[in-house]
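Following: one structure in structure tokens, then a few remarks.
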There are 2 protein chains.
Amino acid sequence: MRREDSEIVRELPLFRGVELENFRTLIAAGYVQRFPTGTVLIHEGERPDFLHVLVDGQIAFFASHNDREATVSILTPPAAFILAAVIVDGPYLKSARTLSSSTTVVLIPAGAVREVFERDTGFARATVAELACRYRTIVKELKNVRLRSSSERLANWILTQASQSGGCGTFRLPFEKRALASRLGMRPENLSRALAELAEAGVTVDGPMIRVGDAAKLIAFSKPNPLIDDPTS
Amino acid sequence: MRREDSEIVRELPLFRGVELENFRTLIAAGYVQRFPTGTVLIHEGERPDFLHVLVDGQIAFFASHNDREATVSILTPPAAFILAAVIVDGPYLKSARTLSSSTTVVLIPAGAVREVFERDTGFARATVAELACRYRTIVKELKNVRLRSSSERLANWILTQASQSGGCGTFRLPFEKRALASRLGMRPENLSRALAELAEAGVTVDGPMIRVGDAAKLIAFSKPNPLIDDPTS
DNA sequence: CGATGAATTGAGAAGTATCAACCTGGGTGG
DNA sequence: CCACCCAGGTTGATACTTCTCAATTCATCG
């Protein structure tokens with residue numbers, strides 16, 4: 001593993017509090033892999049062999065049933081994933097596929113993670129914090145799905161994205177529209193229509209570029225709610 | 001607090017591994033309360049003052065936005081709740097209301113929980129396990145909502161409920177139909193219609209009594225999936 | 001025995017999915 | 001270099017699911 005990659009891992013909240021010796025054990029057991037776009041990294045139902053850390057690229061988590069597919073979340077680096085499955089040693093509840101070329105992932109054997117977890121209180125504490133945040137994120141997502149229409153979800157997603165991309169009001173979609181549609185729980189066709197509908201709220205679209213022309217108007221339409229949209233709360 | 005109540009708390013997976021002395025600290029700081037039906041115990045957005053343990057009765061967790069209300073989950077005793085909010089010391093993401101009369105709750109001050117959490121590795125470990133399971137439960141719920149129609153959710157809920165209520169194929173609804181409807185993400189009207197529709201799959205309804213006449217037929221309709229429906233996986 | 005709230009039923013509206021056609025830009029191979 | 005192909009995206013027509021509103025029945029309780 002390149003020093004560069006292990007440093008990224010070390011800087012994650014999940015690993016920052018791990019004792020150095022234990023961290024070295026984890027890194028020594030782990031290795032790095034790169035994947036092209038569309039690679040399915042993990043399959044729903046299988047057992048976790050590794051804790052994964054996304055270092056570069058993007059990953060979509062999705063589940064399949066009844067000939068349908070639903071995206072549960074999209075992960076941006078740096079972030080650990082499938083921690084819960086490793087901890088409880090239960091089957092993956094979702095599959096994961098890379099959304100961008102040269103997606104880089106650090107793999108740490110699940111057994112090593114559980115061992116260090118047992119003897120390193122710093123790691124245990126960080127694990128608790130991580131899981132608690134993940135839990136709360138999904139609760140928010142469930143609220144988002146159940147309390148809003150698809151256009152409202154889109155509008156709020158755009159608001160969040162715009163505010164995270166500096167204040168200029170214009171940003172580039174971080175992934176394809178089809179991926180965004182699935183992330184928001186809608187069909188590509190409906191995303192198109194919803195984007196067209198948001199023109200009334202001052203949103204203009206040019207290919208992958210989104211422009212929020214009138215933030216106040218978009219906020220009035222979106223009715224953002226920190227208990228759904230604020231990733232930090 | 002009655003010995004009976006503290007024993008229930010002690011027996012929970014979350015508290016079983018806590019050192020006795022620390023457990024006594026928690027119990028000494030805590031107290032018991034009983035509430036009538038419809039009492040709102042916690043309010044979305046407020047700060048957590050107590051870790052709650054449901055000892056008797058039932059509680060629905062719900063969130064409000066846009067003049068809508070959505071039930072996120074329904075809890076049956078014994079179980080701790082709002083653990084994640086206490087751990088991260090963040091605002092409640094959902095409100096909670098009692099569904100049954102004389103719902104009994106043990107309240108343990110959040111500060112005491114966080115203190116014990118810091119020094120008791122058994123408790124920290126149990127917290128991780130609890131949070132990981134909760135997280136996975138919600139992921140399953142999100143899949144349930146996104147991958148199934150409302151009648152399918154109902155059918156699978158009935159299957160799970162019937163299997164948990166002994167093998168006779170008949171069981172009583174544990175709460176009102178309106179609560180069930182909200183739990184399943186549908187309106188009471190649609191629950192009525194969906195129940196009527198399930199007659200084709202051999203389900204008969206008499207007030208609060210549900211009878212699964214032909215389990216095989218219901219399974220064929222429901223297409224159950226352990227990665228959505230199995231509470232233990 | 002009336003009052004209240006839950007449950008059901010029906011009719012209509014809204015939201016979303018599905019299917020098909022078409023456009024468009026980027027890449028490929030002749 | 002250009003014609004072609006192809007995948008992603010858009011647009012339109014239609015069907016299905018779910019919501020909403022209104023009216024009715026039913027059981028429970030003071």
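Just so it is clear, the structure is predicted and the values come from calculations on it, not from any experiment. All values below come from the heavy atoms of this structure, side chains included, with hydrogens, waters and symmetry mates left out.
Using bins of under 30°, 30° to 60° and over 60° for the plane-to-plane angle, the ring pair F81(B)/F61(B) lands in the perpendicular bin.
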Show the distances under 3.5 angstrom between N or O atoms of the protein and N or O atoms of nucleotides 23-26 of chain D.
none

Table of protein N/O atoms under 3.5 Å from nucleotides 27-30 of chain D N/O atoms:
none

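No side-chain donor from either of T103(A) and T98(A) sits under 3.5 Å from a side-chain acceptor of the other. Under 3.5 Å, the side chains of N144(B) and E152(B) contain no donor-acceptor pair of N or O atoms.
For D229(B) and K223(B), the salt-bridge test fails: no basic side-chain N is under 4.0 Å from an acidic carboxylate O. Note on R134(B) versus E130(B): salt bridge recorded, some NZ/NE/NH1/NH2 to OD/OE distance being below 4.0 Å. For the pair R136(A) and E141(A), the salt-bridge criterion is not met [side-chain N within less than 4.0 Å of a carboxylate O]. Using a cutoff of 4.0 Å between basic side-chain nitrogens and carboxylate oxygens, E189(B) and R187(B) are not scored as salt-bridged.
Side-chain contact check for T37(B) versus L99(B): every heavy-atom pair is 4.5 Å or farther apart. Here the side chains of K94(A) and E44(A) are not in contact, with every heavy-atom distance at 4.5 Å or above.
Remark: side-chain polar atoms of D206(B) are not paired, donor with acceptor, to backbone N or O of M209(B) under 3.5 angstrom. No donor-acceptor pair closer than 3.5 Å links the side chain of N66(A) to the backbone N or O of R68(A). Under the 3.5 Å distance criterion, the side-chain polar atoms of T160(A) are matched with a main-chain donor or acceptor of N156(A).
Here Y31(A) and F50(A) bring their ring centres to under 6.0 angstrom of each other.
Remark: E69(B) engages R97(B) in a side chain to side chain donor-acceptor pair (under 3.5 Å) (not counting sequence neighbours).
Between its opening and closing five pairs, the helix from dC1(C)-dG30(D) to dG30(C)-dC1(D) changes axis direction by 20°, a value rounded to 10 degrees.
Here chain A contacts DNA chain C (any atom closer than 4.0 Å to a heavy atom, that is under 4.0 Å), and the contacts span dT16(C) to dC19(C) from 5' to 3'.
For L184(B) and dT18(D), the CG to P distance is 12 Å, given to the nearest whole Å. Between the CG atom of D67(B) and the P atom of dC19(D) there is a distance of 16 Å, given to the nearest Å.
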At under 4.0 Å between heavy atoms, how does the protein contact nucleotides 7-17 of chain D? Give one character per nucleotide, 5' to 3', with B, S or -. -SSSBBB----
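When every heavy atom of Y92(B) is checked against every heavy atom of P48(B), the shortest pair comes out as OH-CA, 3.2 Å.
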